[in-house]
Trainee: 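Handing you this structure, nothing more for now.
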Amino acid sequence: RKTAPPFWGVTIDKNTAKVNEMWHEGPSYQAGIRPKDQIIRVAGVDVSNYDETLAQMQKTKVGEVNTITVLKSDGEKVQYKMTPLTNRKEYKDLGELYNNTKDHYKIPLEEDKKAELLAKAAANAPPFWGVTLNDKTA
């Protein structure tokens with residue numbers, strides 16, 4: 001049986017190798033990694049550019065915990081435990097190891113997705129009158 005390819009739930013900038021976008025509630029997001037983080041170490045291997053980062057990400061295995069070190073924008077190095085999933089439909093029988101990207105959205109949000117989510121929230125929100133009632137005068 002073929003091994004499922006790892007899904008980290010991030011896109012990496014080809015020039016800076018920083019996290020560009022990520023799937024909300026994807027494996028990297030759940031671990032604590034955020035957009036603009038610079039991945040500098042993957043499972044014990046230092047990485048310094050896009051190609052190295054991608055190569056090490058692809059070596060990780062679905063369902064196995066990896067230690068990922070990132071450089072935050074404030075210069076702090078932080079380690080996270082991240083478990084890759086897979087997003088390939090042919091592996092959806094893996095249950096909790098399968099991440100259906102159609103059920104999630106990327107952050108930071110594209111403008112059209114922001115508008116769609118705001119419209120949904122507004123449609124389900126209770127009315128707001130902008131009035132505060134004081135029980136002594138009401």
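Heavy-atom basis, side chains included; hydrogens, waters and symmetry copies ignored. Nothing here was measured: the structure is a model prediction, and the numbers come from that model.
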Trainee: For the backbone of E25 and the side chain of Q30, can you confirm whether one donor and one acceptor N or O come within less than 3.5 Å of each other?
Mentor: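 Checking the backbone N and O of E25 against the side chain of Q30, a donor-acceptor pair under 3.5 Å is found.
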Trainee: List the atom of W23, the atom of F7, and the distance in Å for their closest heavy-atom pair.
Mentor: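 The answer is CD1-CZ, 3.2 Å.
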Trainee: Under a 3.5 Å distance rule, please check whether N15 uses its side chain to pair with a backbone N or O of D13 as donor and acceptor.
Mentor: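 Judged by distance alone, no pair lies under 3.5 Å.
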Trainee: Working to the nearest 0.5 angstrom, can you tell me the gap between M57 CE and M82 CE?
Mentor: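 Those atoms lie 7.0 Å apart.
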Trainee: Restricting to salt bridge (charged side-chain N to carboxylate O under 4.0 Å, His left out), what partner residues turn up for D46, sequence neighbours left out?
Mentor: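 If we apply the salt bridge (charged side-chain N to carboxylate O under 4.0 Å, His left out) test to D46, skipping adjacent residues, the hits are R41.
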Trainee: Identify the two heavy atoms, one from V62 and one from P5, that lie closest to each other, and give their separation to 0.1 Å.
Mentor: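 Taking V62 first and P5 second, the nearest heavy atoms are CG2-O, 3.6 Å.
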Trainee: Looking at side-chain heavy atoms only, is the closest gap between Y80 and V70 below 4.5 Å?
Mentor: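 Y80 reaches V70 side chain to side chain.
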Trainee: For a quick test of reading the model, state the closest non-hydrogen atom pair linking V47 to I39 and the distance between them.
Mentor: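 The pair with the smallest heavy-atom distance is CG2-O, 3.4 Å.
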Trainee: I'd like to know if the side chain of N66 reaches the main chain of I68, judged simply by a donor and an acceptor atom lying under 3.5 Å from each other, with no hydrogens or angles considered.
Mentor: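 Not at all, since once roles are kept as given, no pair shorter than 3.5 Å links the two residues.
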Trainee: Please collect all ring-ring contact (aromatic ring centres under 6.0 Å, His included) contacts where either partner lies in residues 36-57, sequence neighbours excluded, each pair once.
Mentor: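 Those involving residues 36-57 do not exist here.
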Trainee: Atom CD of E64 and atom OG1 of T83: how far apart are they, to the nearest 0.5 Å?
Mentor: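 Here the rounded value is 9.5 Å.
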Trainee: Checking E76 side chain against K72 main chain: does a donor-acceptor pair fall under 3.5 Å?
Mentor: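 No.
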Trainee: Please write out which residues are connected to L71 in a hydrophobic cluster, directly or through intermediates, given that two of Ile, Leu, Val, Met, Phe, Trp, Tyr count as joined at side-chain heavy-atom separations below 4.5 angstrom.
Mentor: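 Its cluster partners, ordered by chain and number, are I40.
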Trainee: Does the pair K18/D37 count as a salt bridge with the N-to-O cut at 4.0 Å?
Mentor: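 So K18 does not pair with D37 through a salt bridge.
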Trainee: Return the OH to NE2 distance between Y29 and H24, rounded to the nearest 0.5 Å.
Mentor: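 Y29 atom OH to H24 atom NE2 measures 3.5 Å (nearest 0.5 Å).
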Trainee: If we ignore hydrogens and angles and just use 3.5 Å, is the side chain of S28 paired with the main-chain N or O of W8 as donor and acceptor?
Mentor: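 Side chain of S28 to backbone of W8: a pair is present.
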Trainee: Between T60 and P6, which heavy-atom pair has the shortest distance, and what is it?
Mentor: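 Minimum heavy-atom contact is O-CG, 3.4 Å.
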Trainee: Test side-chain contact (heavy atoms from CB on, under 4.5 Å) on L54 and I12 and set out the steps.
Mentor: CA-CA 8 Å; L54 190 62; I12 305 292; 5.9 Å; no
Trainee: Honestly curious: do V78 and V10 fall in one hydrophobic cluster under the side-chain, below-4.5 Å linking rule?
Mentor: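 Both belong to a single hydrophobic cluster.
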Trainee: Evaluate the side-chain proximity of M22 to P35: yes if any heavy-atom separation is below 4.5 Å, no if none is.
Mentor: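 Contact flag for P35/M22 side chains = yes.
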Trainee: Between T86 and A4 (side chain of the first, backbone of the second, donor and acceptor by atom type, cut-off under 3.5 Å), is there such a pair?
Mentor: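 Between the backbone of A4 and the side chain of T86 there is no qualifying donor-acceptor contact (under 3.5 Å).
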